[in-house]
Amino acid sequence: MDGSAPDKRDEAEWFARPVRNIARPWREELARRLGAVDGLESAERDVVLDAGDTALLRSLHAKLSRLFLIELHALRMAVGGGRGGDTAGAGSDTATWAAYIEQADDEGYLDRLAERYPTLGRRIASVARLSVAATAGFAARLASDRELLRPLLGAPAGEIRAVAFGAGDSHRGGLTVSRVDFDGGSVMYKPRPSQADVALGALLDELFADFPGAPSPTERIRVPHTLVREGYGWSEFVRHRYCAGDAELAAFYRNVGHWLAVLRFTGGTDMHAENMIAAGPVPVIVDAETLFDAPAPFPASGRGDAVDVAAAAIRRTVLRTGLLPVRGTGFALGGVDISGVGLLPGQQPLIPNPVIADGGTAAARFEVDLVAVPTAGNHPSPTPVLSTYWDRILAGFREMTAHLRRPGTDPYRLLRRFEGAQVRRILRPTQAYVDIGRMLWHPASLHDEAAAVERARDILRRNAEVLPGAPTDRAAIDGEIADLLAGDVPMSTFTVDPTHVRATIEDWHTADLPLEESVIQDALVGAYLNERSLPERVQEGARDPHARDRERRRRALAVRMVRRLCDGAVRGEDGTVTWISPVFTPAGWSIRVLPADLYTGQGGVALTLAEYVTEARAGRADEVPGVTEAFEGALRVLISTEDRTPTPSAGAFSGAASQVWTWLALHRVLGEDWLVERAAQRALLLAQGRLVEDDVEVDLLNGAAGGVVPLLGLAEATGQERWLAAAAHIGRRLAGLAIVDASGARWTTRLNPEGIGGFAHGATGIGWALTRLALSEAGSAAERRDWNHLAERAFAYQESLYQPEHGNWRDVRIGAEEDFFTSWCHGSAGIGIGMLDLHRRTGDPAHLDMARRAARACAAEGFGWSHTLCHGDLGLWEFLTSLGQGNAEDLDGEILTGLEQRGPVGGLAREAFSPSLMSGLSGVLHTLLRMHPEATLPNPLLLD
């Protein structure tokens, strides 16, 4: 190995030899204890011994690798005379590595480390002792219960052939769910009380005994057959199987709806991908230990009563079951959807995974690789198309809910069977425990355990401040830390009593069923990372579109839309107003209270309401009672949300630049000077913070490129050159990140590492921003020439995607078969809008040529997709009317007639309610208002 390319392998390989030496006495102790277990043959003891030893080796290697690396480098510096920073020669020093492994493999090695790491020996002994005890206890139970397992196997157990420990986290002394393979089949060992599993199975049996149109016993939802023992249990092994065809797939997703209803009834939660196995058409919940969940009340957010009411409503819904898509927000699993029906392949971001680079040399070190999320057995097909079966999930939820609420049903009688069962309560995210546990095993923590424990206390205490229900008292936190020091994930349980049953039933009785159904529809969007992967679009143009009586119809539709927008709001006693909706975040789609942004957030909705108020005052829209109050309440929430929540990105539609533009647009609509001052306050995030430097998206919608035009607008509104300087800084960063080759210039993003075209996320939009920057007074004259040249290269890249035979530009994103789009975000409408804007500013005929070709592509495909600005008919209308392509009355007639015949059709989860500007109802209202010939409202598609 020459060290030129880091060798990255499973970290458990590199220090296996010293770890095996450390664990050897414990393997001998385990062998001794297994020898005392009656009922196991010699070969079976060896199977259990090897499995237990392997589990301990894996655990110790993960905990000690960092320490080994630190000590390796100490030896390296001693051998190299203190050349700590010289890696050129040391990277190939296999002799130092070999010398260290010899040293670490010595019997007295841990004793020699005691001075630097005084708690190391005790900590290792604690982990090993618990592991040995857990394995020996498992073996004794297995030997004792073998003959009782026949009903779970359907045959005599026979000889033990394999044991696999560690399926899931370890709790309470190294205990883990484990699998045992016999001659007669496989079973799962659950080292916890299992009465809840049996009670849930009995509940399902009763519910389906008289269920209308009940599926057969082999096709309905179920839990594994379970043998309850004192303090633990055995359950059948459920084998994953893909569905055999469309009928089974439809049944599977109907069954998911049944599970949602049953789990909502029983207060179930944490039913993530690893807790559900797809057994053909049957989703089997294999770990039903988290029932009778009672969401802890959150403290006031400071964003207004409406936000608190909306957040509490979401926490009560089926979203808390864990079956529906929710994307993680932490570092390790940021953007990952681990839900029972989620974790879709190809729809997860890469996650960080620590590996040892240059192992086998003196330069060995930890690095973080980005790897694919491991797959689970929760999917009914190799390439699940969840969006095809959304209606089946909703139908299943409705029919099971109706069955549970039918006249004569006694919910107390149904749930009393759970009284006395022990269930688990999730007090903190497991990943939080994992991260703190890793910190407690860091060499610095082993060197000064007291300081590390105090740091862990502080983290857990602060975590509880934002996570109601998490332990706050010193004794409870110290108990959590004690578990983590021993390598366990803390676990909290309680015994179900009549109080828990009554509280769960009361929560279920008072559920807002329309909201529950809306949440189901909306949340399913979160399984997908971008709109290309959403349900197949169905074109349904207006029938006999016309513009007769255009103004009356426009006003009437605008009244309908604004009333629907106001009726869908959540209102607080303090007059604040917000909405619950699928929102687009840098991590993907997620259902939540609206954030502050322009795209699917509070900013876009507040702006649209302000536009309606202003147009009504000008006589261009009809007065509607309550709209002014809704706007004022929404504006208060927008301000408090910006002030109190982190801004996730720099982007012009999802981040800080969106906030700057929104306040400038509100100033244009309302004419109040304080709105410009507010825009300047938000622009500090772009000029002084890390959002631009840390940006990994780059594009207009989410990334740094989106900051350019809003900052130029702010400079014009204030006359302050500081905003030009901030825009120039972004231009320099964009230039530094560009990939320029024979095809032109493009930029990589997290979701599109090869770079793509298009306006919102690709080269055309970034090139447009650079051209606008080059036309300003920002930067030096030489920089402006360079920005203009780079923009031309970006447009050249876009042109490299043009295919004359199709009359359109190819969409090169990965994720769908469709290669040509006409949307604003990724297609010809966005390209045309940007090029038309630049032609009007520069007179460049090449820009006009691109705009005209884009218009032909859009006109050829036509209307009838969805009523959205981002990826539907409204963006198409905006472009074609701006270009003067076609008859204006005909274009208006398409939109008006389509809305009258179909209602507003969103671009997300079919009929799911979305109040947003770019992909929902506010965009419809905004377009109807802009349709008036005298309207001078802002155009978000161009950030004008």
Side-chain angles (χ1 to χ4, degrees), residues 6 8-23 56-80 82-85 87 90 93 96-128 131 331-332 352-369 432-460 481-488:
K8 300 176 182 178
R9 284 188 262 159
D10 185 335
E11 63 172 275
E13 297 178 22
W14 292 114
F15 296 108
R17 183 176 156 192
V19 169
R20 193 176 297 112
N21 187 51
I22 291 170
L56 177 58
L57 290 173
R58 186 169 58 238
S59 174
L60 289 178
H61 201 295
K63 292 174 172 61
L64 297 177
S65 290
R66 284 171 174 79
L67 182 145
F68 288 142
L69 287 172
I70 289 287
E71 292 301 311
L72 168 68
H73 285 284
L75 177 63
R76 169 185 166 185
M77 292 182 68
V79 171
R83 294 198 320 263
T87 61
D93 184 2
T96 300
W97 170 273
Y100 176 71
I101 294 298
E102 285 294 331
Q103 186 181 106
D105 195 34
D106 186 76
E107 288 295 333
Y109 184 63
L110 290 184
D111 294 335
R112 294 197 295 274
L113 295 180
E115 185 175 348
R116 285 196 294 279
Y117 311 108
T119 62
L120 176 61
R122 172 173 54 81
R123 295 272 295 278
I124 290 174
S126 175
V127 169
S131 178
F331 169 71
N353 179 57
V355 295
I356 294 177
D358 281 336
T361 77
R365 64 200 177 277
F366 262 114
E367 287 188 355
V368 176
D369 263 2
Y433 285 133
V434 170
D435 291 341
I436 296 172
R438 187 177 292 121
M439 180 270 288
L440 288 170
W441 278 89
H442 190 278
S445 299
L446 293 169
H447 174 70
D448 188 351
E449 183 177 289
V453 167
E454 189 53 47
R455 187 160 58 250
R457 281 196 194 105
D458 180 62
I459 294 171
L460 291 169
I481 293 172
D483 283 342
L484 293 169
L485 289 171
D488 280 342

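Just so you know, these numbers use all the heavy atoms, side chains as well, and skip hydrogens, waters and symmetry mates. Note that the coordinates shown come from a computational prediction; the quantities given were computed from them, not determined experimentally.
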Worksheet entry | Derivation and outcome, side-chain contact (heavy atoms from CB on, under 4.5 Å), residues Phe366 and Val355 | CA-CA 6 Å; Phe366 262 114; Val355 295; over 6 Å; no
Worksheet item: By salt bridge (charged side-chain N to carboxylate O under 4.0 Å, His left out), which residues pair with Arg17, not counting sequence neighbours?
Response: Glu102, Asp105
Discussion item. Between Lys63 and Ile124, is the side-chain contact (heavy atoms from CB on, under 4.5 Å) condition met? List the steps.
Written reply: CA-CA 9 Å; Lys63 292 174 172 61; Ile124 290 174; over 6 Å; no
Fill in: Flag, side chain of His447 to backbone of Arg116, donor-acceptor distance under 3.5 Å
yes
Discussion item. According to side-chain contact (heavy atoms from CB on, under 4.5 Å), who are the partners of Arg457, at least two apart in sequence or on a separate chain?
Written reply: Val453, Glu454, Arg461, Arg474, Ile477, Asp478, Ile481
Worksheet item: Which atoms form the tightest heavy-atom contact between Ala23 and Leu60, and what is the distance?
Response: CB-CD1, 4.2 Å
Item to complete: Determine the minimum heavy-atom distance between Trp97 and Trp14, stating which atoms define it.
Response: CZ2-O, 3.6 Å
Discussion item. With a 3.5 Å distance limit and no angle check, can you tell me whether Asp358 reaches the backbone of Thr361 through a side-chain donor-acceptor pair?
Written reply: no
Worksheet item: Taking all atoms of both residues into account, what is the closest heavy-atom pair of Leu440 and Ala452, and its distance?
Response: CD2-O, 3.8 Å
Fill in: Close side-chain approach of Leu120 to Leu64, heavy-atom, < 4.5 Å
yes
Fill in: Ala363 backbone acceptor or donor facing Arg365 side chain under 3.5 Å
yes
Fill in: Exam field: side chain His61 to backbone Val19, donor-acceptor pair closer than 3.5 Å
no
Practice prompt. For Arg76 and Ala362, indicate whether the former's side chain and the latter's backbone hold a donor-acceptor pair under 3.5 Å.
Written response: yes
Worksheet item: What is the ring orientation for Phe15 with Phe68, classed by angle as parallel under 30°, tilted 30 to 60°, or perpendicular over 60°?
Response: tilted
Practice prompt. Kindly compute the distance separating CG (Leu75) from CE (Met77), expressed to the nearest 0.5 Å.
Written response: 11.5 Å
Worksheet item: Can you check whether Ala62's main-chain N or O pairs, donor with acceptor, with Ser65's side chain at less than 3.5 Å?
Response: no
Fill in: Cation-pi, Trp441 ring and Arg123 (6.0 angstrom, 45 degrees)
yes
Worksheet item: Which residues satisfy the salt bridge (charged side-chain N to carboxylate O under 4.0 Å, His left out) test with Arg438, sequence neighbours excluded?
Response: Asp435
Worksheet item: How far does CD1 of Ile101 sit from OG1 of Thr96, to the nearest 0.5 angstrom?
Response: 11.5 Å
Practice prompt. Begin from the C-alpha positions of Arg455 and Glu449 and carry the test salt bridge (Lys or Arg N to Asp or Glu O under 4.0 Å) through to its verdict.
Written response: CA-CA 10 Å; Arg455 187 160 58 250; Glu449 183 177 289; over 6 Å; no
